[in-house]
Chemist: 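One structure is given below, represented as structure tokens, and several questions about it will come after.
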Amino acid sequence: MAKYSILKSFYKSDEWTSLRLSLINERGNRCERCGKIIAKSRDIIGHHKIELTPENVHDHNISLNPNNIELVCFDCHNKIHRRFGYSGKKEVFLVYGPPMSGKTTFVRQNMERGDLVVDMDQLYSAVSMLPYYDKPDNLFSNVIGIHNLLLDNIKTRYGRWHNAWVIGGYADKYKRERLANELGAELIFMECEKEECLRRLELDEERRYRKDEWAKYIEKWFETFTE
């Protein structure tokens, strides 16, 4: 059941009703996840792979795009949304690599709505209202406190988040593997040559006034990295 009235209105609209029925006629009455035959067409759910929100529901490339819609049964739909007894196992990923290697982009491309993301850059931005690349030294103790609290929540699986993504440089192998063990996390290495990181920095307009500072971060990461 949609939470917001704007979404409820969408699911009652003629456009959605017509599209859902045309997809059923085209694809049949078999659940596209488990393969079960669904006897009654009213029990076939049109699931949006990119979850609808009040912000994107009017974007028809999302809400009315057949490629974004799966026809599924009730059980599979509940499993997808982890509800009604289908909470599922919480997966944890530790994404590491040098600055400018694409860690944040990778997480954005692979996370889902409802996932927990722990990233020092974003935490600095959250508590300072400054851009993510501007990290005042005097806020470090507060930011690391929030960061460590979130890591503790991941270790104990506290909260209703789906999967968790921890983003950081983690150049030191011992510290990296110890944290991954404590979190029960899968390690994901964003491999990128130093020259490529520096090239991306040169092209980055947001950090154009901080290139010397970030070049030092890149150099330090490669100096301290252990496989």
Chemist: Should L179 and V92 be counted in the same cluster of Ile, Leu, Val, Met, Phe, Trp and Tyr side chains packed under 4.5 Å apart?
Modeler: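 Yes, L179 and V92 fall within the same hydrophobic cluster.
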
Chemist: Taking the six-membered ring of Y96, is the NZ or CZ of R176 close enough (under 6.0 Å from the centre) and on axis enough (within 45°)?
Modeler: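 The answer is yes; both the distance and angle limits are met.
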
Chemist: Taking the side chain as every heavy atom from C-beta outward, state whether F93 and L187 have any atom pair closer than 4.5 Å.
Modeler: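 No; the side chains remain at least 4.5 Å from each other.
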
Chemist: Measure the CG-OG distance between L19 and S63 for me, rounded to the nearest 0.5 Å.
Modeler: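 Atom-to-atom, L19:CG and S63:OG are 9.0 Å apart.
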
Chemist: Has the side chain of N56 got a donor or acceptor atom that lies under 3.5 Å from a matching backbone atom of T53?
Modeler: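 Yes, the answer is positive, given that a donor and an acceptor are paired below the 3.5 Å cut-off.
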
Chemist: Determine, stepwise, if the pair N163 / M111 fulfils side chain to side chain contact (heavy atoms under 4.5 Å, CB included).
Modeler: CA-CA 8 Å; N163 296 322; M111 64 175 285; over 6 Å; no

Chemist: Do the non-hydrogen side-chain atoms of K211 and D204 ever get within less than 4.5 Å of each other?
Modeler: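 No - every pair of side-chain heavy atoms lies 4.5 Å or more apart.
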
Chemist: Between D119 and K103, is there a salt bridge with N-O shorter than 4.0 Å?
Modeler: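 Salt bridge: no.
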
Chemist: Less than 4.5 Å apart, any side-chain heavy atom of F106 and any of M190?
Modeler: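 When only atoms from C-beta onward are counted, M190 and F106 do touch, with a gap below 4.5 Å.
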
Chemist: Considering non-hydrogen atoms only, spot the tightest contact between L23 and P66 and give its length.
Modeler: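 Result for this residue pair: CD2-CB, 3.9 Å.
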
Chemist: Given 3.5 Å as the limit, does a donor-acceptor pair link the side chain of D134 with the main chain of L130, or not?
Modeler: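 A pair under 3.5 Å: no.
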
Chemist: Using a strict cut-off of less than 4.0 Å between a Lys/Arg side-chain nitrogen and an Asp/Glu carboxylate oxygen, indicate whether R200 and E196 qualify as a salt bridge.
Modeler: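 Yes, R200 and E196 are salt-bridged.
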
Chemist: Measure the CD1-CG distance between I188 and L94 for me, rounded to the nearest 0.5 Å.
Modeler: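 It comes to 9.0 Å.
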
Chemist: Go through it in stages, so that I can follow the logic: the residues are E223 and K220, the test is salt bridge (charged side-chain N to carboxylate O under 4.0 Å, His left out), and I'd like the CA-CA distance, side-chain angles, deciding distance and then a yes or no.
Modeler: CA-CA 5 Å; E223 288 171 5; K220 183 177 180 181; over 6 Å; no

Chemist: Between the main-chain N or O of G169 and the side-chain N or O of W221, is there a donor-acceptor pair closer than 3.5 Å?
Modeler: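 Yes.
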
Chemist: Taking the side chain as every heavy atom from C-beta outward, state whether D172 and T224 have any atom pair closer than 4.5 Å.
Modeler: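 SC-SC contact between D172 and T224 ruled out.
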
Chemist: Mind checking whether W161 and V117 sit in one hydrophobic cluster, side chains of I, L, V, M, F, W, Y counted as touching below 4.5 Å?
Modeler: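 Hydrophobic grouping puts W161 apart from V117.
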
Chemist: So that I can tick it off, tell me whether R27 and E32 are bridged by a salt bridge, with the cut-off set at under 4.0 angstrom between side-chain N and carboxylate O.
Modeler: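 Answer for the salt bridge query: yes.
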
Chemist: Other residues, nucleotides and ligands only: do more than 12 of their heavy atoms fall within 6.0 Å of CZ on R208?
Modeler: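 For R208, atom CZ is crowded (more than 12 foreign heavy atoms under 6.0 Å).
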
Chemist: Is any side-chain heavy atom of V143 less than 4.5 Å from a side-chain heavy atom of M120?
Modeler: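 Touching, per the 4.5 Å side-chain cut-off.
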
Chemist: Is a side-chain donor or acceptor of T226 paired with a backbone partner of K173 at a separation under 3.5 angstrom?
Modeler: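 Side chain of T226 to backbone of K173, a donor-acceptor pair under 3.5 Å: yes, one is there.
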
Chemist: Report yes or no: does S101 contribute a side-chain atom to a donor-acceptor pair with the main-chain N or O of P98 at less than 3.5 Å?
Modeler: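 Indeed, once roles are kept as given, a pair shorter than 3.5 Å links the two residues.
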
Chemist: From S13 OG over to L64 CG, what is the distance, rounded to the nearest 0.5 angstrom?
Modeler: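 It is 7.0 Å, given to the nearest 0.5 Å.
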
Chemist: Does the side chain of D115 reach to within under 4.5 Å of the side chain of V107, using non-hydrogen atoms?
Modeler: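 No, their side chains stay 4.5 Å or more apart.
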
Chemist: Ring centres of H48 and W16 under 6.0 Å apart?
Modeler: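 For H48 and W16, the ring centres are under 6.0 Å apart.
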
Chemist: Counting only heavy atoms not in H60, do more than 12 sit closer than 6.0 Å to its NE2 atom?
Modeler: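 More than 12 within 6.0 Å, yes.
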
Chemist: May I ask you to decide if R207's main-chain N or O and R210's side chain share a donor-acceptor pair within less than 3.5 Å?
Modeler: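 Answer holds: no.
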
Chemist: Charged N to carboxylate O under 4.0 angstrom, E219 versus K194?
Modeler: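 Yes.
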
Chemist: Ring centroid separation for Y217 and F222, is it under 6.0 angstrom?
Modeler: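 So the answer is no for these two rings.
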
Chemist: With a 4.5 Å cut-off on side-chain heavy atoms, are D121 and Y133 touching?
Modeler: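 Heavy-atom side-chain distance check fails, nothing below 4.5 Å.
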
Chemist: Could you grab the distance from atom CZ of R108 to atom CH2 of W165, nearest 0.5 Å is fine?
Modeler: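 Result: 13.5 Å between the selected atoms.
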
Chemist: Go through it in stages, so that I can follow the logic: the residues are I218 and M100, the test is side chain to side chain contact (heavy atoms under 4.5 Å, CB included), and I'd like the CA-CA distance, side-chain angles, deciding distance and then a yes or no.
Modeler: CA-CA 8 Å; I218 293 171; M100 309 301 295; 3.9 Å; yes

Chemist: Quick one: CD1 on I38 to CD1 on I44, what's the gap to the nearest 0.5 Å?
Modeler: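 Reported to 0.5 Å precision, the distance equals 5.0 Å.
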
Chemist: Stepwise, does the side chain to side chain contact (heavy atoms under 4.5 Å, CB included) test hold for I154 with V166?
Modeler: CA-CA 10 Å; I154 293 173; V166 180; 3.9 Å; yes

Chemist: Indicate yes or no for a side-chain donor-acceptor contact from S9 to the backbone of S5 under 3.5 Å, with no hydrogens or angles considered.
Modeler: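 Such a contact is found between S9 side chain and S5 backbone.
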
Chemist: Would you say the side-chain atoms of S125 pair up with the backbone N or O of P131, donor to acceptor, closer than 3.5 Å?
Modeler: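 Absent.
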
Chemist: Where the side chain of T156 meets the backbone of D152, is there a donor-acceptor pair that is under 3.5 Å apart?
Modeler: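 Judged by distance alone, yes, a pair lies under 3.5 Å.
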
Chemist: Do L123 and V127 touch side chain to side chain, with heavy atoms closer than 4.5 Å?
Modeler: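 A side-chain contact is absent here, since even the closest heavy-atom pair is not under 4.5 Å.
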
Chemist: Taking the six-membered ring for Trp, are Y132 and Y124 ring centroids under 6.0 Å apart?
Modeler: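 Not under 6.0 Å, so no.
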
Chemist: Report the distance from atom CG of L71 to atom CG of N29, rounding to the nearest 0.5 Å.
Modeler: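 Spacing of CG (L71) from CG (N29) equals 10.0 Å.
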
Chemist: Could you give all pairs that pass the salt bridge (Lys or Arg N to Asp or Glu O under 4.0 Å) test and reach residues 64-73, with sequence neighbours left out?
Modeler: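 For residues 64-73, and leaving out neighbouring residues, the salt bridge (Lys or Arg N to Asp or Glu O under 4.0 Å) pairs sorted by first residue read R33-E70.
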
Chemist: Of all heavy-atom pairs between C31 and C73, which one has the smallest distance, and what is that distance?
Modeler: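 For C31 versus C73, the nearest heavy atoms are SG-N, 3.4 Å.
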
Chemist: Is there a path of hydrophobic side-chain contacts, each under 4.5 Å between heavy atoms of I/L/V/M/F/W/Y residues, joining L116 to Y158?
Modeler: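 Different clusters.
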
Chemist: Is it the case that more than 12 heavy atoms not belonging to D212 sit under 6.0 Å from its CG atom?
Modeler: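 Open.
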
Chemist: Please confirm whether the backbone N or O of I50 pairs with a side-chain atom of N68, one donor and one acceptor, at under 3.5 Å?
Modeler: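 Yes: the side chain of N68 pairs with the backbone of I50.
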
Chemist: So, for A215 and L201, which heavy atoms are closest and what is the spacing to 0.1 Å?
Modeler: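 Result for this residue pair: N-CD2, 3.5 Å.
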
Chemist: Honestly curious: do I167 and L149 fall in one hydrophobic cluster under the side-chain, below-4.5 Å linking rule?
Modeler: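 Each belongs to a different hydrophobic cluster.
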
Chemist: Listing request: all salt bridge (Lys or Arg N to Asp or Glu O under 4.0 Å) pairs with a residue in residues 46-60, at least two apart in sequence or in separate chains.
Modeler: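 Qualifying pairs, neighbours excluded: E51-R113.
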
Chemist: Under a 4.0 Å N-O cut-off, is there an ion pair linking R199 with E202?
Modeler: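 A salt bridge is absent here (no side-chain N lies under 4.0 Å from a carboxylate O).
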
Chemist: Just wondering, more than 12 heavy atoms not from E91 lying within 6.0 Å of its CD?
Modeler: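 Above 12, so yes.
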
